[in-house]
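Contents: one structure, followed by commentary.
Residues: numbered from 1 along the sequence shown.
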Amino acid sequence: MKHFFKKNLHKHRKHHPVYGGLEILKYIGPGLLVTMGFIDPGNWATNIAAGSTFGYSLLWIVTLGTIILIVLQHNAAHLGIVTGLCLSEAVAKYTRPAVSRTVLGSAMLASISTSLAEILGSAIALEMLFHVPLKIGAALSSVVAIVLLLTNSYQMIERWIIGFVSLIGVAFIYELSLVDVEWVQAAKGVATPSFPKGSLLIILSVLGAVVMPHNLFLHSEIVQSRQLQKGDDQSIKKLLKFEFADTLFSMILGWAINCAMFIMAAAIFFQSGQPVEELQDAHHLLKPLLGDNASTIFAVALLMAGIASTITSGIAGGSIFAGIFSEPYDIKDSHSRGGVLLSIGGALIVVFFISNPFHGLLISQMLLSFQLPFTVLAQVYLTSSKKVMGRYANTRSSSLLIIIMAIAVIGMNLALLVDVFF
């Protein structure tokens, strides 16, 4: 009888493997790279503007945006795990040449536009910290990001990003410890939608900065970086399970950091009646209100966010460019290196022709808004196709949910463009 139970227990474990609680740690990393696009300098600017102008009342936007982001990013990772292809490779393989050229060509421009915003954020931080001229600061941060990308493996890059995310989180915990926060009002703002007079532009700005094209390409690529997929159903199911946990954990962490920015701005600037529209203003105002340490830590965290998000936009650029040639991302390959250099180098060239950093950020957001529909609709088409995904294709309800979210995000981006430029 004893041997019978041992035998059957062994059989049960063979067909229904039990994964240790710490096994998920092997899968944590890809989601954190994506999170950096969620807490990049553009998000800093919109969160601080929203909190300083409307207090805690618009915190719900961060929550709503994060929910949409979790669904779309998981869907992008789903494609990468099931097909073994990144989004750019899948577009090149499963769509007509005219469609793939349009989607991937515009996505490459969007990657350059994203890198532009990230480089500007790093340059602004260097200007705050060391009074480095903006263009020199942009060149320095670009070189650092390119060197990190060309000389490190995926795993090393992930360690850098995890370190950056952790330090940014610690920085905002420190900032929050210095101020009196109305936590009851903050909790209400997180969960209760409200539309204060004159808030539409900021609502659209915050939501429009959450879902960006390059992050969808990025996630479908880096989710394969662990190289744990064996191509069989058991492996795919296991990866989908742990990938969702990674995505959920990472996006919630990004939500917490974004909320911390928002709450800090509400507790400091809104309460003192000093609305902030640019990052430099926040840095200057922190000194008299909280002291030199607070303003310095703010600038250091911004620098880390700028460099880390430049790295992720560079990886996205390399993945998109390699996908045009139906190749996976590999930093040793000329097409992947070319995409990285084109994304970051192209953005740096544009920086030298920008006289006003704020307008540069605005233009970069405009380009992302125009490209986003192409990427999201291509992704939904691919992940809903049984030809591409087989038994793992989206269900009708899943496809409908993603389409509704995609339309909402696209509509918000377009409404923002109309409001700003027309």
Using atom types as modelled, flag every donor-acceptor pair under 3.5 Å from a side chain in residues 179-193 to any protein atom, sequence neighbours excluded.
unit_1: T192; atom_1: OG1; unit_2: K188; atom_2: O; d: 3.0

Residues that S343 engages under side-chain hydrogen bond (donor to acceptor under 3.5 Å, both in side chains), provided they are two or more places apart
S111, S115
Which residues pass the side-chain contact (heavy atoms from CB on, under 4.5 Å) test with S57, not counting sequence neighbours?
F54, S194, P196
For S384, the side-chain hydrogen bond (donor to acceptor under 3.5 Å, both in side chains) test, sequence neighbours excluded, returns N394, S399
Considering only residues two or more places apart or on different chains, which pairs with a residue in residues 295-328 satisfy ring-ring contact (aromatic ring centres under 6.0 Å, His included)?
W44-F298, F321-F325, F325-H335
Extract all donor-acceptor atom pairs below 3.5 Å that involve side chains of residues 400-412 and protein atoms in other chains or at least two apart in sequence.
none

List, one per line, each side-chain donor-acceptor pair under 3.5 Å for residues 124-142, sequence neighbours excluded.
unit_1: K135; atom_1: NZ; unit_2: I354; atom_2: O; d: 3.4
unit_1: S141; atom_1: OG; unit_2: G137; atom_2: O; d: 3.1
unit_1: S141; atom_1: OG; unit_2: A138; atom_2: O; d: 3.0
unit_1: S142; atom_1: OG; unit_2: A138; atom_2: O; d: 2.8

According to side-chain hydrogen bond (donor to acceptor under 3.5 Å, both in side chains), who are the partners of W60, at least two apart in sequence or on a separate chain?
none
Residues at least two apart in sequence or cross-chain that pass side-chain contact (heavy atoms from CB on, under 4.5 Å) with L167, listed by chain then number, are M304
Partners passing side-chain contact (heavy atoms from CB on, under 4.5 Å) against T395 (at least two apart in sequence or in another chain):
S397, S398
Which residues pass the ring-ring contact (aromatic ring centres under 6.0 Å, His included) test with F270, sequence neighbours left out?
none
Distance-only donor-acceptor hits, side chain of residues 210-218, under 3.5 Å, sequence neighbours excluded:
unit_1: N215; atom_1: ND2; unit_2: V34; atom_2: O; d: 3.4

